[in-house]
Number of protein chains: 2
Amino acid sequence: MLTLHPSGARPLYEQITETLQREIAEGMLPAGTRLPSSRQLARDLRVSRITVVTAYAELEAAGAIESRGGSGTYVLPPWTPPRPRGHGGDTAASSAAPALPLWQRDLVHPVNLEREATLAHVLRGPLTPDTVGFAWGAGDPRLIPMTEFRRALADVLDRDGPTALGPEGGAGYPPLRQWLADYLRQNGLDATPDDILVTSGTQQTISLVAATLLQPGDRVIAEMPTWPGALEVFEAAGARVIGIPLERGGMPHDRLVDALENERPRLIYTVPTFQNPTGAVMSARRRQALCALAGQYGVPILEDDHVREVRFGQPIPPPLAAFDCHGDVIHAGGFTKSLIPSLRIGYVVARGPLREALIARKRTVDLFGSALMQRALTTFLESGAVARHWRRVSRIYHRRHAVMLRALERHFPPGSQWSGVSGGLVLWVRVPEGISVAALHDEAAAAGVGFARGAAFFAEPADQPYLRLNFAAVEEAEIERGIAVLSRLAQEHLRRGGLDPPAPTARSSPGRHAAR
Amino acid sequence: MLTLHPSGARPLYEQITETLQREIAEGMLPAGTRLPSSRQLARDLRVSRITVVTAYAELEAAGAIESRGGSGTYVLPPWTPPRPRGHGGDTAASSAAPALPLWQRDLVHPVNLEREATLAHVLRGPLTPDTVGFAWGAGDPRLIPMTEFRRALADVLDRDGPTALGPEGGAGYPPLRQWLADYLRQNGLDATPDDILVTSGTQQTISLVAATLLQPGDRVIAEMPTWPGALEVFEAAGARVIGIPLERGGMPHDRLVDALENERPRLIYTVPTFQNPTGAVMSARRRQALCALAGQYGVPILEDDHVREVRFGQPIPPPLAAFDCHGDVIHAGGFTKSLIPSLRIGYVVARGPLREALIARKRTVDLFGSALMQRALTTFLESGAVARHWRRVSRIYHRRHAVMLRALERHFPPGSQWSGVSGGLVLWVRVPEGISVAALHDEAAAAGVGFARGAAFFAEPADQPYLRLNFAAVEEAEIERGIAVLSRLAQEHLRRGGLDPPAPTARSSPGRHAAR
C-alpha cells in the first residue's frame, strides 16, 4: 500500500500522512474503512510506532480519520465546512442576525455612560477636519518633532536589527530606565533604574496599581474633579471613590484627615501638578503635608505626574514623591501628553514587593512591551531632542493659553469663572446657572467645536456646570473662532432661559472669580 | 509697588506673579508679610480681581505665599527641598534603605513562582548570545522582513504625518479591521470590520475577556497543559481552572460534559490549532462537538488561535469560531508569534454587548493603541508581504522541526516520548522517570541551553516530566548542538539515579510513544 523513502529529506510520518490522504481523497480508502492499528502498520513499514501514531494524529486533526477508542481507527466521510452565519444567505431567515446567547444578555455594562461618551470623544484626537479640538486631552501632534523621531527609529533599526523588533519584557529597556532615573533625579526625585517599571502609558500604570492594591469594596481618595480614566479604573476594580473637592490647588487638610479617619482608604490618587481637569498646582507645603498624612495613616499615594514638562515659566514644586520620607508615594509619568501619543510608553517608580507585583501584573495583562518603541524613545531622549521639544511646545502653548484667556474674557457670558494656569494643556471653565453643558456640548459639536463635558470628571453622574477646554492643541485663530462659537451658544442658553445677559464687557467685569 | 504694562503681550497675572516673586526673593517682602487682599490689589492696579487671584494661586503653588483662610495672605520663608532619600548621605543612618511601609508588607504576591520564572525566561527572546533559545515562545526574529516593515513605517509616516503618531482608540484602525475581516473570511470565519477589536496582543485579549466575563470564584475549563499566560490571567481574576487533559488533540467529550454538568463554568479556554505547548490540532469533528456543547450549556468559549499561519503543508480545520452556530466563540488572534513581537497587536472577534464591554475595558486598561504600529502593520499586510513571510517561515520552521525530531530520535534517552507537529513553533517532550526537569533546566541553562519547563503549563505547581522545545527560532546546527547537550544531561540524571540506560539507538526503539 505505502512506499516510503527512508533516506528522503522529509520525515517519514509526513510521507505516511500524505499517502493516506491521497488514497482517501481518491476513494481508494472509502469512508468507514478500518485502518490497520499503529503497531501493525509500524511493523509493516519497518518504522517506529511513534511515526505512525504521529501520522494518524495528523489525519485525525485534519478530519480525515477518527480513532474510536478500543475499536480501531476509521476513515471518515469528506467534511464540508458549515456555511458562514448571516453571510451570502438568500432567505430572510439566514440573513437575520442570530439571537444573542444567554451569557451575553447577562453582561452588565460596567461604566458610566456620560464618562464613556466623553472619553471616546476626547480620544478621537485633535486633527479631525472641521472640528475645533478643545476636547482632546494631549498636546498638538503637529508639533511632534517628526524628523528627529524618524531618525531615532531608523538608528535603532540599523543598530539593533531584529532585536529591535522583539519583546521588551520585565521592567523595560535598561537604558530607558537609566535615562528616566537621571531625569527624575534632576527633578528632585531620587530613583535608580531598578526602581522603575516601563508601562504602556499612565493609564496602564493606574490600572496596574489598582489591580495590585485594591479589592472590591475598598475606598480610594481622589481630588474632585479628576481624570475620568482613573475613575473608570477604580470603579472597574469595584472600589468606591471618596472625592475631595479641590481648594487652592489641593485637597484641604481637614477633609483629608476626616476621610482618612472615617473611610480607611486603601489608596490616595492625586494629580498634584497641572491637575486634570483644573490645571491647579499643589503647593510645596501641601505636598509635604499630604506625604506626612500618608505616612501617618499608612496609605499609599499614586501620584499622576502626567504633563510636568509643559510649563509657562513659573517655578513648580518637585514631584510629590520627592517629599516622601516613608516610601508611600508611587510616582507615575508618561510621554503621551507632552510628546508622542503613539509611543504608548509610561513609567512608574515603585519599590519593594509592590514593584515585583507590578512587573508580574504587567506580564499578566499584556506580556511585554514594544522593543522598537522603547528603544526609539531612548535614542530620541538621549539626543537631547526632547528638551528642545518641551521648551518649544511650552512657548507655543503659553501663547495659545493667553489667546484663550483673552477670548474668554472678551466673549464668555458674565458669571462664568476660570483662572489661568501655569502649565499643562487645559483650562477649566465654570458656566453660570441657566446653561446646560450637556446641551451646549451637542450644539457645539453640530457647529464644529468640541470640548470635554465637566460631568465626566466627577465620580457621580450628573450634569455639571463645567467645560474643560484644551488650548494646547488648537491654533490661535481657531481658538478665537471656537470660543466665539461657544460663547454665542452659551448666550443663547441664557436668553432662552429668560435671563437676558448684558453685553459682554472687558476683563474687569466684577462677577468673575477664579474657578478654583 | 508694581508696574504693569497692560498693552504688553504677556498676561497681566504673570507680570504680577513675577514682580511679587522678585520682591520676595530680594527680601523686599520678607517672610510673614501680609499681602493686600486680592480685591484691594485689583483695585490698586486697575485690573480684574480674577487676574490677582490667579497670580496669588501661582505664588501659592510655588510655595512662596500662603493664604490663611479668613486672616489673609502671607509671604512664606524660602522653601528648601528635602534631601533625596538614601542618596548622598554621609552617615550610616541616612544611607540605609528605608524600611518598607506597612501597606507594602501586606502585598501578597499573586502568582505561581514556577510559572513566573518560566515566563520571565521565555520572554527574554531568542537572541541572547551563548544560549540555544529553545525556551522562547515565538518565531525567529532573524526572519522578520525588515526591509518591507521599514518601508511600511516610512510610507505611513509620509502619508499620514502627525496623525500617524496620534492615538488609535475605540475598536482600532478601520482599514486594519477591514483587512482582518477579509483574512478571517478566507479562513472560513464570517466577520465584518465591526465585529473586530484591535488589542495589544493575544495576552491582552485573554485578560480583557477574563475581566469582562469572570468574577472571583468562577470556574474556567482549559486544556491541561496549556498556555501559562492564560492561567495567570484566570488566577489573577480569582477564577479556578478546571484542567482537562488533552487526548488525541482535544478535550475528551465525556470529561467536558462532566465538567459542564458539575462545575458550571463561566468560560472555556482552548487553543485548538497547534496547541500550546503540545502542538496538537483539534479535529474538525471535535470542533463541531465542542461548539455544540458550548451552545447546549450556554458557556462562551475563548479560542486562542495564536499561530495558525505557521504550518507544514497538512490541511488544518477552520478556526473553532467557524463552527459556531450560536455566537458562543470569542476568537482571538495576533501577530506576535508569526510576525513581529514589537508590534504589540492582536485582535478579537466578538459581537453584541460583549464587544462593547471589551472596547470599554480596553480603554480602561490602556486608553488607546498606537496609531503608528496599527497603520504600519496595515500597510505591510496590504502589500502582500505577510503571505510571502508566512510561506517562507513555514518552510524554514518545517526543516528545523525535522532536524529537531531527528536529533531527539538520535540522542534522547529511551522512554522519552514526543510526536511531530503539523505546524506551530514547539515540540512537547516527556522524559522518563528518573529525570528531574527542574534540575535539568538549571543544568542546561548553565551549559547555555534554554528550554521551557513543563510544570509552568499546568495549573497545579508541581514538577512535571515535560519540556517545551522551540524549534522555530533556532538554527539547524544549534538545534543539533542543543539537543545533544540536553540529551547528555538527561542521561546523567538516569545514570545518577542508578538506572544505567542502554546506549541510545535508532528511531525504532520500542519504548517510545507519542506524547499526546
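Within the 3.5 Å criterion, the main-chain N or O of B:S67 finds a donor-acceptor partner in the side chain of A:R248. Within the 3.5 Å criterion, the main-chain N or O of A:T163 finds no donor-acceptor partner in the side chain of B:R142. No side-chain donor-acceptor contact under 3.5 Å links A:T54 to the backbone of B:S419. In this structure, A:E116 contributes its side chain and B:A360 its backbone to no donor-acceptor pair below 3.5 Å. The main-chain N or O of A:E232 is never found under 3.5 Å from a side-chain atom of B:T364 such that the two would form a donor-acceptor pair.
For A:L354, the parts sitting under 4.5 Å from any heavy atom of chain B are the backbone and the side chain alike. A:I206 does not touch chain B: none of its heavy atoms, backbone or side chain, sits under 4.5 Å away. Heavy atoms closer than 4.5 Å to chain B are found in the side chain of A:S207, but not in its backbone. Contact of B:M146 with chain A is made through the side chain alone, with heavy-atom distances under 4.5 Å. A:Y56 does not touch chain B: none of its heavy atoms, backbone or side chain, sits under 4.5 Å away. When heavy atoms are compared at a cutoff of 4.5 Å, A:L372 approaches chain B by way of both its backbone and its side chain. Of the two parts of A:F368, the backbone and the side chain both hold a non-hydrogen atom closer than 4.5 Å to a non-hydrogen atom of chain B. Within the 4.5 angstrom heavy-atom criterion, only side-chain atoms of A:Q314, from C-beta onward, approach chain B. Contact annotation for A:T273: neither backbone nor side-chain heavy atoms come within less than 4.5 Å of a heavy atom of chain B. Using a 4.5 Å cut-off between heavy atoms, A:A138 makes no contact with chain B at all.
Here A:P315 pairs with B:Q21, B:A62 under the side-chain contact (heavy atoms from CB on, under 4.5 Å) rule; sequence neighbours left out.
Interface remark: of the candidates B:L367, B:I316, B:T212, B:V233, B:L367 forms the most heavy-atom pairs closer than 4.5 Å to chain A.
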Steps toward side-chain contact (heavy atoms from CB on, under 4.5 Å) verdict (A:W103, B:D328): CA-CA 9 Å; A:W103 60 264; B:D328 292 316; 2.8 Å; yes

